Each structure stands twice: as C-alpha cells, then as structure tokens.
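What follows is one structure encoded as structure tokens, with my remarks underneath.
Quick caveat, the model's predicted, so the values are computed rather than measured.
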Amino acid sequence: MSSAYPYVDFIGAVLLCLLLILRARQDGSLVICMGPSSVAGLVFPASGLIAVFCGIDKGLAFFGFARLLCAGIFVILLMQLSETGKERLFDLLVIAVASSALICALMYPFPGARQLVFNSGRLGGFMQYSNTYALLLLIAYGLFFLRKSETRYVGKLWLTIPLILSFGILWTGSRSVFVLFLLLNLYFVITLKPERKRLLTVLGLVFAVALLCAFLLQERTGIGRFLTISLRESTLIGRLLYWKDALPCLYKYPFGLGYMGYYSLQPLLQTGVYVTRFVHNSYLQIAMDHGVLALGAFVFLLWRAFFHGDRRYRSLVVMMGLHFFFDFDTAFYSMVFVLLLFADWKGDLGAGRKARVKALPVSLFACVAMLLFLWLGAADYLYETEKYVLADKIYPGCSAVMEGVMLGEKDLDKAAQMAEKIVAKNSYSGEAFKVLAYHYAGEEDCGKLMESLDRYIALNKYDMQAYSEMIVLLDEETQRLAAKGDLSSAEQCRQKILSFPEKVRQVREETSSLAYQIKDKPSFEVPEQIAKIILSYR
C-alpha cells in the first residue's frame, strides 16, 4: 500500500473488515487478547484521536486516525491465528514479495509499464518507493532462510527465490538496505550453519552479476548506487537536515501535528532548500503525526517483538528497527502489517486475559468501519484524480481539498472567499495567502495586503520567484495608490519593497551549513529586473 495514495489503504481496510465478519460468523465469536502489546497498541488510536483536535489540519488528521484503525483491525485478525496460521502467512509473504519483484522485472522492457514500478532506473515496486520496497525484499529474504525445516520451500525454489529477492534489493539502489543486507548475511553465515552452503552460493552469484552490472550499467539502473556509499552522500546529509529542523517539534507539539501536519508546518521551520512530505525517520514521523505517546508505544512494541516474539525472527526485527531511523517506512501500511506480524499479540499475563466477543457486535463494528473507509477512500480518490469540487462535497473541511478548489476558481473574489476558509482551518497554506494578497491589492486594503504578503513569504522563504512576484505586485500597487493620491498607503508599500533585502539576509543567516552540502543548494540571487525595482525606491 502506498503512502501517496491513502485510498489504497482504505480499500485494503474494507477487505480486512470483510475478513473480520467472515471469521466472526464462522467461529461464532472472536478472541480479544489483552497483553502488554495490545495495551500499547490502544495508545495509537487514542493518540491519533487527540491529534485530530491538536493537529494543524483536522480534516487530514482524521485520515491519520482512520489509518490507525486499519492497523487495529489487522491486529484483531492476527489474534485469531494459531502459530501454524502465522507461519503460513510468512510463507505467503515470501512468495508474494518474490513474485512482485519478478513481475516488476518483466515490466522493465516496456516503457509504459516500467514507469509504474521504476523511478530513475531504481526499482520501487508497487509501493513506488525504492527504499521501503528494498526493506520489504530484505525481510522476505531473511524469512526464506529462517523458516522451519518442515515448511522449507522445496525443489529448485531454494535457489530461485533468494536470487530474485537479492537482485531486487540491488536493483532498488537503496544503499542503507544494501548495508543491512551485508550485515544480515554475515549474521546468517555465522549462526545458520546448515544454510551456510546455500547462503554462500546465493551471495557468490549475486555479487558476481551485481558487480558486472554496476560497472557496465550504473548510469542506467540503480544497481551501481551501492558503489557510492559514503558518509558525505547528499541524501544522508539531507536526512540530517530534515531531522534537525523537525526535532524541536517534539517539545513544541508533544501531542502531534496530525497526519501530514508537519508537511504544512515545514516551510516555516526548514533551514535549507527541500520539500519532503515525510522526515525520513519513522520514529520522528510517528511523533510528528501522533505525538510522543504514540512514539513511546511504538518503541515498546518493537521491544516486545524482539524479546517476546519468535526468537528466530529477532534479526529481522533489528533490521526493521535500524532502517526506521533512515526512512518513513511506517507510512506504508504493507510495512506496518509486516511489523505487526512479528509482534506478540497473545501476551504473557496468564489466564483470564482473553475475552470472546460474539459475532453480531463484531459484524456491526466491521460494517460501520467499512462505511467509514469507503467514505474516506472515495474522497481521497477524487482528490488524487483532481476532482476537487466533488471531493470537497463528499469530505468538506479538508484544507488540501479546499486548496484544489481555490486554485481552480477563475473568479478572484470567489477564490479569496475560499482562501479565507482555508486559512481559518490551516494557517500554513502558502497558496491561500498568495490569493489573499492579490485580492487585498485589488481591494486596496493595504493593511491586510501586508499581512498576507508576510505570511506568503514566510511560507516560501527559499523561493526567490515568490519574492519577485510579490515585489512586482507591490510595485504596481505603489504606483496605483500614488496616482490616486493615497500617499500614505503608497509609502507603506514602498517600505515593504525596501524590506525584502533584509528578509533575504535573515533567511541566509538562519540557513544551516548542511543546506549547502545537499543537491538543492540555497540561492539568494534575484533577477536583475527585480533588483532595479528595489533600487528605484531608495
């Protein structure tokens, strides 16, 4: 499931609800286990609900709360599984992930199909994101060698599956997962003596072909990226910059900013040139979205999965826990579900900690949840397909949807009315303040014009084009006011124009040194025409 398309998560959630109803009707009731992991798991929907009220965009924050319910339904289904049933799920996971990698490879020769699963020559799978897909391949690779002997894959599959998964990992071009791949194999070679021959055979074939591909095709595929591992890599330094800018939010917003809340707040906090929906750290992202309580519960679940889950899979829990530091894996619910498979949901608090819920209340709950997921899924699908007006009618109050409606409005007055509504719900919408600036310029409301300009520039402080556009607007407004004899307002506009160089200087001073070590370096040069306008008012 892709984080870029929440409606896909909700489609999956509807299927989970159907499974929940079928299982409840089949057994007559469902078992609910209340162990330590379950108690920690309850913190997530509670934190998500708090974030709805504390978040920046309450409409989007509710999406985040609903996505947590998706995971909760999956957990209830896991509680119904026996150990044998869970082992079969692991078998299915390995086959499914290997099959997906093989399908992607078959799509590569066809440009129309390739763009669905490859990005810049890197394999992203159906997640459309290479780094997290690489982690999923790594987990499947580890499961293949850690399975019980009685459920071991037979025939030639013992060689085919790990080779597919290994080449898939290299094809993603994920340097962090490549390092984890080496560490995991080193651990396996030391600890899995019966598998040592198979492991060395697979690794020998993989690295022989990979090195050949890396040197011959590194400009056209992602395979060669593992040759460029360095602590000075732009992507690693970029992550350090994201974390530095986001960390203060843990103190300022302990209850979270709501789903995608940090994305709205980011322009005010960033000290470099970047646009990222997520902070590339799952731990930090959970705290940003749902608060520090949710982060504590998440760390506790990882701890439980390591110490109280199946001992065979501890190394895989460690691999996931390490990778969570470098990417937003938990934004993808396929990875969330994999993590939940490793967690201990039965608990160890002894007898009397289980309850049975009859089929009727379970079915009613599942039906209500399905309606919720269908509603939100339909709204998000319309938003993703740019049918903003209809999406706003189905799910009103979401500033992202309202912004789409506003930008599609040709009448400036109507767009300004929508901008006012957006700002009332989300005071970090740069596009809304831009519309309001043009509107107040037309209305000759100098005070509100200055206020809108300040907010727009603050939310676009590294965009020199935004500065230029606002200076041109102020220049036109100054001349118009002077021609009408409103010299006081004209002087106010003149002073605002002259203040822009100082604003740029302040942004330059606040810029982190890390910002100059990444690909998109800050530039504070303004076009010559704009510089002439500023000089003309001195």
Would you indicate whether the side-chain heavy atoms of Val177 and Thr172 approach each other to under 4.5 Å? no
Which word best sums up how the rings of Phe324 and Tyr283 line up, parallel for under 30°, tilted for 30 to 60°, or perpendicular for over 60°? perpendicular
Only one of Phe278, Phe332, Tyr129 passes side chain to side chain contact (heavy atoms under 4.5 Å, CB included) with Asp327, and that residue is Tyr129
In the structure I gave you, are the side-chain heavy atoms of Val318 and Leu322 within less than 4.5 Å of one another anywhere? yes
Nearest heavy-atom neighbours spanning Asn131 and Arg122: OD1-NH2, 2.8 Å
Using 30° and 60° as the class boundaries, would you call the ring planes of Phe328 and His280 parallel, tilted or perpendicular? perpendicular
Using only heavy-atom distances, determine whether the side chains of Tyr428 and Asp57 contain a donor-acceptor pair under 3.5 Å. no
Salt-bridged, Asp310 to Lys86, with N to O below 4.0 Å? no
side-chain contact (heavy atoms from CB on, under 4.5 Å) partners of Ala246, counting only residues at least two apart: Tyr262, Val279, Leu284, Met288
Does atom CZ (Phe255) have a neighbourhood of more than 12 heavy atoms from anything else shown, all under 6.0 Å? no
Can a donor-acceptor pair be found between the side chains of Gln285 and Asn281 at a distance below 3.5 Å? no
For Asn119 and Arg114, does a side-chain donor sit closer than 3.5 Å to a side-chain acceptor? no
So for atom OH, which belongs to Tyr274, do other residues, nucleotides or ligands contribute more than 12 heavy atoms lying within a distance under 6.0 Å? yes
Arg67 to Tyr333 six-membered ring, cation-pi geometry met (6.0 Å, 45°): yes
With sequence neighbours excluded, residues passing side-chain contact (heavy atoms from CB on, under 4.5 Å) with Phe524: Tyr462, Met464, Val504, Val507, Arg508, Thr511, Tyr516, Pro522
Throw together a table of side-chain donor-acceptor distances under 3.5 angstrom for residues 96-103, partners on residues two or more places apart or in other chains.
unit_1	atom_1	unit_2	atom_2	d
Ser99	OG	Ile95	O	2.7
Ser100	OG	Val97	O	2.7
Ser100	OG	Tyr133	OH	2.8

Salt bridge check: are Glu87 and Arg312 linked by an N-O gap of less than 4.0 Å? yes
